[in-house]
Amino acid sequence: MEPRRLLMTLTESTRRLAFVSAMVALAVATKGATPDWPQFLGPERNGIYRGPPLAETWGASGPRVVWRKSIGQGLSGPVVTQGHLILFHRVSNREVVDAFDARTGVAQWQYGYPTTYRDDFGFDEGPRAVPVVADDVVYTFGAEGQLHAIDLATGKRIWSEDTRRRFDVAKGFFGAAGSPLVENGRVLANIGGTNAGIVAFDAKSGKVLWTATSDAASYSSATGATIAGRRSAIFLTRNSLVGLDPATGSVQFQRDWRARQAASVNAATPLVIDDLIFVSSEYGPGAAVLRVDGAKLAGLWASDEVLSNHYATSVYHNGFLYGFHGRQEFGPSFRAVEFRTGKVRWSQERFQAGSVTLAGDRLLIMRETGELILAKASPDAFQPLARAQVLPATVRAYPAIADGLLYIRNDNTLVCLDLRSAPK
């Protein structure tokens, strides 16, 4: 081959090699990219953190506090996206959405509106539902059923809807609490209206797209899943476990899931593993693993003695469930349970209530007492690796975790903790 032609061939080969190398580097970077925590239970609504590894020891003083600030009332946990920490809370007689710099805690913008919500049982009167961020819009669902869409960059209102008045919704025991589900340009919410149990709104305009069921609202947040090639929006309402087509609202499958007593709640989010759904609640229905078979739900097992979640959603890892069993006021146990059989592998009795997040093969447990625990996700035994008192009681809101930073609140304080492993 003549020198000039050889040089051109080598140049083209070099370009191709450079392009392939760049694509490989991009793929590696994308695979290793840290996801945000833009909604309840994280990116996949399953309580799983997939960011950088966490430190396995915290020292005598516990994890490093990055920043801390005083905040208003609320049981709504924070979310993190694109460098923003979004907090939904009540300040005086207003439900307020605040955006802070996730790394520094510096205020960025604030949005708010009046509220008159009063809790009949004397509990916290702030919002309950965790915000959802999708396509640069923040969606919030207040304790009185006020649904708002807010621009992520500016904090400006895009649209809002008073769902309680529009759909004639009864107050319920603890106000509106289920976090909306955003699916393909639709905001799906467990409203609980007489003929509008679940409602889909256009994400950009707030226009009502469809209504489905007449179920009363629960305190559970829905999840989206693809089962046997079919997309489903799965809700645990006040009355039942129901799967809907998110595009049309048509019911795909449904099963009653409610205690006989009126003073009961459904609060945990269903977990979907392949074609199986783990559903759990207290006050009688208990827990079950159900197989989705077209319009049918076939039970693998069901029991009220295995892993009945009062309000905290369990997590799944390598064939096992980890979570809280029993009513919050009676000091629930913390358990490992075989997913397909319901066999309890171990149980820490009188553990007290809290929440659990899965980080790799580790469990990050936030107890109501304000104690943070890192433990192995092992079916063999409960094996704590690190413990620290990070906040005064009571901690009921779910935490957010992004890039190794944990964001958690109690009754009046929000704190950012550094859980990252030290660089090697």
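Just so it is clear, the structure is predicted and the values come from calculations on it, not from any experiment.
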Practice item. Can you spot which of Y111, Y139, W159 makes a ring pair (Phe, Tyr, Trp, His ring centres under 6.0 Å) with H148? Key: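 Of all the options given, the one that passes is Y111.
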
Review point. Out of curiosity, R164 CZ to E161 CD, how far, rounded to the nearest 0.5 Å?
Key: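 Those atoms lie 13.0 Å apart.
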
Check your understanding: Roughly how far apart are D418 CG and L405 CG, rounded to 0.5 Å?
Key -> 5.5 Å

Review point. Are E349 and S347 close enough that a side-chain donor and a side-chain acceptor fall under 3.5 Å?
Key: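 The answer is yes; a qualifying pair exists.
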
Practice item. Indicate yes or no for a side-chain donor-acceptor contact from N309 to the backbone of Y311 under 3.5 Å, with no hydrogens or angles considered. Key: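 No: the side chain of N309 does not pair with the backbone of Y311.
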
Check your understanding: Less than 4.0 Å between a side-chain N and a carboxylate O, is that true for D215 and R238?
Key -> no

**Study point:** Side-chain donor/acceptor of R258 to backbone N/O of S264, under 3.5 Å
**Key:**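 The answer is no, because no donor-acceptor pair under 3.5 Å joins these two groups.
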
Point to revise | salt_bridge(D124, R396) N-O dist < 4.0 Å | key: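 Judged by the 4.0 Å cut-off on N to carboxylate O distance, D124 and R396 do not form a salt bridge.
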
Exercise for review: Would you mind reporting whether T269 and R45 have side-chain heavy atoms less than 4.5 Å apart?
Suggested key: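 No, too far: nothing below the 4.5 Å cut-off.
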
Check your understanding: When the aromatic ring centroids of F40 and Y398 are compared, is their separation below 6.0 Å?
Key ->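 Yes, the ring centres sit under 6.0 Å apart.
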
Review point. When rounded to the nearest 0.5 angstrom, what is the spacing between CD in Q108 and CD1 in I86?
Key: 7.0 Å

**Study point:** Distance-only donor-acceptor check, side chains N266 and S281, under 3.5 Å
**Key:** yes

Practice item. Give the intermediate values and the outcome of side chain to side chain contact (heavy atoms under 4.5 Å, CB included) for residues D98 and V96. Key: CA-CA 6 Å; D98 271 305; V96 173; 3.5 Å; yes

**Study point:** Derivation of the side chain to side chain contact (heavy atoms under 4.5 Å, CB included) call for I198 and W210
**Key:** CA-CA 9 Å; I198 299 167; W210 53 254; 4.0 Å; yes

Point to revise | Listed partners of D136 passing side-chain contact (heavy atoms from CB on, under 4.5 Å), at least two apart | key: Q82, L152

Check your understanding: With sequence neighbours left out, which residue pairs that include part of residues 202-212 fulfil the salt bridge (charged side-chain N to carboxylate O under 4.0 Å, His left out) condition?
Key ->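 Output for this query is empty, none listed.
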
Exercise for review: Evaluate the side-chain proximity of L363 to F334: yes if any heavy-atom separation is below 4.5 Å, no if none is.
Suggested key: yes

Exercise for review: Could you label the plane-to-plane angle of the W67 and F100 rings as parallel, tilted or perpendicular, counting under 30° as parallel and over 60° as perpendicular?
Suggested key: tilted

Exercise for review: Would you confirm whether S240, through its side chain, and D256, through its main-chain N or O, come within 3.5 Å as a donor-acceptor pair?
Suggested key: no

Check your understanding: Can you find a pair of side-chain heavy atoms, one from E95 and one from E144, that are under 4.5 Å apart?
Key ->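 The answer is no, as the side chains (C-beta and beyond) never meet within the 4.5 Å cut-off.
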
Review point. Between V292 and I277, does a side chain to side chain contact (heavy atoms under 4.5 Å, CB included) hold up when you go through it step by step?
Key: CA-CA 8 Å; V292 180; I277 301 176; 3.6 Å; yes

Check your understanding: Any sub-3.5 Å donor-acceptor pair from D274's side-chain atoms to L276's backbone N or O?
Key ->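 Here the side-chain-to-backbone pair does not exist.
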
Exercise for review: Only counting residues at least two apart or in another chain, list the ones meeting side-chain contact (heavy atoms from CB on, under 4.5 Å) with P379.
Suggested key: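 Checked P379 against side-chain contact (heavy atoms from CB on, under 4.5 Å); matches are F320, Y322, R345.
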
**Study point:** Other residues, nucleotides, ligands: >12 heavy atoms within 6.0 Å of R165 CZ
**Key:** no

Review point. Does W58 use its side chain to pair, donor to acceptor, with the backbone of R64 at less than 3.5 Å?
Key: no

Point to revise | Side-chain donor or acceptor of E183 paired with backbone N/O of L188 under 3.5 Å | key: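 Between the backbone of L188 and the side chain of E183 there is no qualifying donor-acceptor contact (under 3.5 Å).
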
Exercise for review: May I ask you to decide if L181's main-chain N or O and Q39's side chain share a donor-acceptor pair within less than 3.5 Å?
Suggested key: no

Review point. Tell me, do Y49 and L54 make a side-chain contact under 4.5 Å, heavy atoms counted?
Key: yes

Exercise for review: Give me the ring orientation class for W301 and F278: parallel if the planes are under 30° apart, tilted from 30 to 60°, perpendicular past 60°.
Suggested key: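 Plane angle between 30° and 60°, so tilted.
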
Exercise for review: Take T357 and I48 through the test side chain to side chain contact (heavy atoms under 4.5 Å, CB included) and record every step on the way to the result.
Suggested key: CA-CA 6 Å; T357 302; I48 296 179; over 6 Å; no

Check your understanding: Side chains of E368 and Q328: donor-acceptor distance under 3.5 Å anywhere?
Key -> yes

Practice item. Measure the shortest side-chain to side-chain distance between I365 and F324 over non-hydrogen atoms and say whether it is less than 4.5 angstrom. Key: yes

Check your understanding: Is there a donor-acceptor contact under 3.5 Å from the side chain of S232 to the main chain of I234?
Key -> no

Exercise for review: Could you tell me whether the side chain of R68 and the main chain of V66 form a donor-acceptor pair under 3.5 Å?
Suggested key: no

Review point. Will you find, in the side chains of S76 and R128, an N or O donor that is under 3.5 Å from an N or O acceptor?
Key: no

Review point. Is there a donor-acceptor contact under 3.5 Å from the side chain of S179 to the main chain of S221?
Key: no

**Study point:** From I191 atom CD1 to T211 atom OG1, the distance as rounded to the nearest 0.5 Å
**Key:** 11.0 Å

Practice item. Find out whether V265 and F174 are in side-chain contact, i.e. whether some heavy atom of one side chain is under 4.5 Å from a heavy atom of the other. Key: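 In contact.
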
Point to revise | Min side-chain heavy-atom separation L87-L85 under 4.5 Å | key: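 L87 reaches L85 side chain to side chain.
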
Review point. Can you tell me how far the CG atom of L419 sits from the CG atom of L406, to the nearest 0.5 Å?
Key: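 It comes to 5.0 Å.
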
Check your understanding: Quick one: are L321 and V306 in side-chain contact, heavy atoms under 4.5 Å?
Key ->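 Counting from C-beta outward, L321 and V306 never come under 4.5 Å.
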
**Study point:** Approximate separation, where rounding is to 0.5 Å, of R409 CZ and I71 CD1
**Key:**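 These two atoms lie 3.5 Å from each other.
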
